[in-house]
Amino acid sequence: MLFFSPETAMSEEEFRLLRDFIYKHCGLNFAEESKYLLEKRLNKRLQQHALKSFKDYYYLLRYSPQKEQELTEAIDLLTTNETYFFREDFQLRTFVNEILPELRARKERNNDRRLRIWSAGCSSGEEPYTLAMLLHDQPGFSDWQIEIIGTDISQKVLAMARKGLYGASSFRCTEPSYKRRFFTETDGKFKIDDRIKRMVTVSHLNLLDTSRVAMLGVMDVVFCRNVIIYFDQLAKKRVVDSFFQRLRPEGFLLLGHSESLMNLSNSFMLRHFTDDMVYQRPSLARLPEARP
């Protein structure tokens with residue numbers, strides 16, 4: 001006879017304890033209707049540790065010597081990491097055809113040939129590597145110092161990004177020429193070319209950890225697409241404010257097509273380009289005066 005460990009049910013009290021703890025840690029917001037999702041995904045960790053209740057698991061997250069590692073495991077289970085190369089191509093056209101030429105002209109006037117781009121919530125790396133491929137093909141930037149930084153809260157997807165190995169689903173919107181030029185097939189997977197990989201640095205980052213975010217330095221462009229939709233209003237405002245602080249004056253913020261800064265921030269300008277609308281930090285001369 002086969003025996004199996006039945007899944008443990010989560011009480012309302014346990015749901016609130018875990019929901020609030022996760023929210024305070026990283027801003028992920030689980031509404032009441034998400035109780036089943038939290039229960040389903042975290043049951044794996046209860047079975048892993050032979051725990052009898054979700055309250056026991058909550059105490060493990062709070063007080064055990066392995067709490068940081070366990071929290072990493074939990075976040076890996078709870079985050080959504082659906083992505084692929086060249087996602088939202090209309091926005092990428094705006095980036096290549098209008099944003100990059102504007103940045104190049106402005107920076108060259110100041111004898112500045114450095115470009116820093118942050119992919120916030122980079123998942124398994126398709127977004128920052130897409131940006132690297134696009135920049136590789138821009139002759140005007142061939143002798144520039146380019147730094148693309150990808151960050152994510154999930155260690156699991158960051159490990160995938162560092163390997164640079166991708167399956168067929170990552171190429172659903174990729175032109176064959178990019179796949180042919182920048183990837184090598186290895187055992188049914190496709191490995192990204194070292195020329196592109198060297199342009200990207202990936203690291204672990206909680207977007208609500210303001211001290212760690214500040215260590216990134218200033219950016220010319222921030223991509224944060226389909227990330228803040230998982231935060232509540234307060235967490236969204238905190239994250240958007242950190243983007244504003246990290247952007248240079250006249251730097252650009254690109255959100256997902258279903259996201260906006262409405263009711264979140266009035267610090268950015270909304271620029272209308274040919275294929276998309278993009279947020280921009282105003283120049284110093286146009287920043288609002290500080291209130292007393």
Side-chain angles (χ1 to χ4, degrees), residues 1-83 120-124 151-160 203-214 224-243 255-256 258-265:
M1 180 179 293
L2 295 176
F3 293 91
F4 65 94
S5 176
E7 292 191 346
T8 303
M10 178 185 289
S11 70
E12 293 295 333
E13 179 193 6
E14 290 169 331
F15 170 68
R16 287 191 295 271
L17 283 171
L18 287 165
R19 176 198 63 188
D20 294 349
F21 179 74
I22 292 164
Y23 172 76
K24 288 176 183 177
H25 171 66
C26 64
L28 286 177
N29 184 42
F30 292 92
E32 294 292 334
E33 58 269 23
S34 301
K35 176 176 173 287
Y36 175 76
L37 184 150
L38 207 65
E39 176 183 295
K40 186 76 174 176
R41 294 188 180 180
L42 292 184
N43 248 301
K44 299 176 183 178
R45 302 310 300 165
L46 265 69
Q47 295 181 22
Q48 176 70 28
H49 294 286
L51 299 174
K52 295 181 178 179
S53 72
F54 281 98
K55 184 171 285 189
D56 291 341
Y57 186 63
Y58 169 76
Y59 288 134
L60 185 149
L61 287 174
R62 287 292 304 272
Y63 305 115
S64 80
Q66 297 81 33
K67 60 185 179 183
E68 291 186 9
Q69 177 59 36
E70 184 56 37
L71 187 54
T72 296
E73 297 285 349
I75 295 300
D76 282 345
L77 288 171
L78 295 174
T79 48
T80 302
N81 299 295
E82 169 68 14
T83 188
C122 71
S123 188
S124 44
T151 67
D152 203 280
I153 197 170
S154 169
Q155 295 280 18
K156 181 180 179 181
V157 295
L158 288 173
M160 296 170 62
S203 59
H204 180 257
L205 183 67
N206 180 348
L207 290 178
L208 292 190
D209 188 341
T210 53
S211 61
R212 286 286 309 282
V213 169
C224 185
R225 304 190 294 175
N226 307 302
V227 175
I228 64 173
I229 53 175
Y230 299 105
F231 298 160
D232 73 349
Q233 199 78 349
L234 180 60
K236 286 179 181 178
K237 288 181 178 180
R238 288 179 59 187
V239 171
V240 168
D241 182 63
S242 72
F243 292 154
L255 301 177
S258 63
E259 300 168 312
S260 80
L261 298 185
M262 188 177 296
N263 300 321
L264 292 178
S265 174

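What's counted below: heavy atoms across the whole structure, side chains too, no hydrogens, waters or symmetry copies. The model shown is predicted, which means the values in this text are computed figures rather than measured ones.
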Residue set satisfying side-chain contact (heavy atoms from CB on, under 4.5 Å) with Thr72, at least two apart, ordered chain then number -> Asp76, Gln155
To the nearest 0.5 Å, tell me how far His204 NE2 sits from Thr151 OG1. 9.5 Å
Checking Leu38 now: which residues fulfil side-chain contact (heavy atoms from CB on, under 4.5 Å) with it, not counting sequence neighbours? Met10, Phe15, Leu18, Ile22, Phe30, Leu42, Leu78
So, Asn43 side chain and Glu39 main chain: donor-acceptor pair closer than 3.5 Å or not? yes
Restricting to non-hydrogen atoms, name the atom on Lys236 and the atom on Ile228 that form the minimum distance, rounded to 0.1 Å. CE-O, 2.9 Å
Results of ring-ring contact (aromatic ring centres under 6.0 Å, His included) for Tyr57 - residues two or more places apart only: none
Please identify each residue that fulfils side-chain contact (heavy atoms from CB on, under 4.5 Å) with Ser211, with sequence neighbours left out. Asp209
Tell me every residue that passes side-chain contact (heavy atoms from CB on, under 4.5 Å) with His25, counting only those two or more places apart in sequence or in another chain. Leu71, Ile75, Ile153, Asn206
What closest approach, in Å, do Arg238 and Leu208 show between heavy atoms, and which atom pair accounts for it? NH2-O, 3.2 Å
For Ser242 and Leu207 the tightest heavy-atom approach is OG-O, 4.5 Å
Quick test of your reading: applying salt bridge (Lys or Arg N to Asp or Glu O under 4.0 Å), list the pairs with at least one residue in residues 20-33, sequence neighbours left out, ordered by first then second residue. Arg19-Glu32
Taken in chain and number order and not counting sequence neighbours, the residues that satisfy side chain to side chain donor-acceptor pair (under 3.5 Å) with Ser124 are Glu126
Under the 3.5 angstrom rule, does the side chain of Gln69 hit a backbone N or O of Gln66 as a donor-acceptor pair? no
Pairs in or reaching into residues 56-67: which pass salt bridge (Lys or Arg N to Asp or Glu O under 4.0 Å), with residues at least two apart or in two chains? none
For Val157 and Cys122, run side chain to side chain contact (heavy atoms under 4.5 Å, CB included): C-alpha distance rounded to whole Å, both residues' side-chain angles, the deciding distance at 0.1 Å, then the answer. CA-CA 9 Å; Val157 295; Cys122 71; over 6 Å; no
Counting heavy atoms not belonging to Gln233, are there more than 12 under 6.0 Å from its CD? yes
List for me each residue that meets side chain to side chain donor-acceptor pair (under 3.5 Å) alongside Lys156, sequence neighbours excluded, and say none if there are none. none
Tell me the salt bridge (Lys or Arg N to Asp or Glu O under 4.0 Å) pairs involving residues 40-54, sequence neighbours left out? Glu7-Lys40, Arg45-Glu70
What pairs with Ser203 under side chain to side chain donor-acceptor pair (under 3.5 Å), at least two apart in sequence or on another chain? none
From Asn29 CG over to Tyr230 OH, what is the distance, rounded to the nearest 0.5 angstrom? 13.0 Å
My understanding is that only residues two or more places apart in sequence, or in another chain, count here; which of them pass side chain to side chain donor-acceptor pair (under 3.5 Å) with Asp232? Tyr23
Nearest 0.5 Å, what's the OG-CD distance between Ser154 and Glu73? 9.5 Å
Worked check of side chain to side chain contact (heavy atoms under 4.5 Å, CB included) between Ser260 and Leu255: CA-CA 7 Å; Ser260 80; Leu255 301 177; 5.6 Å; no
Going from SG on Cys224 to CD1 on Ile229, what distance comes out if it is rounded to the nearest 0.5 angstrom? 10.0 Å
Would you check if the side chain of Glu259 reaches a backbone N or O of Val227 as a donor-acceptor pair within less than 3.5 Å? yes
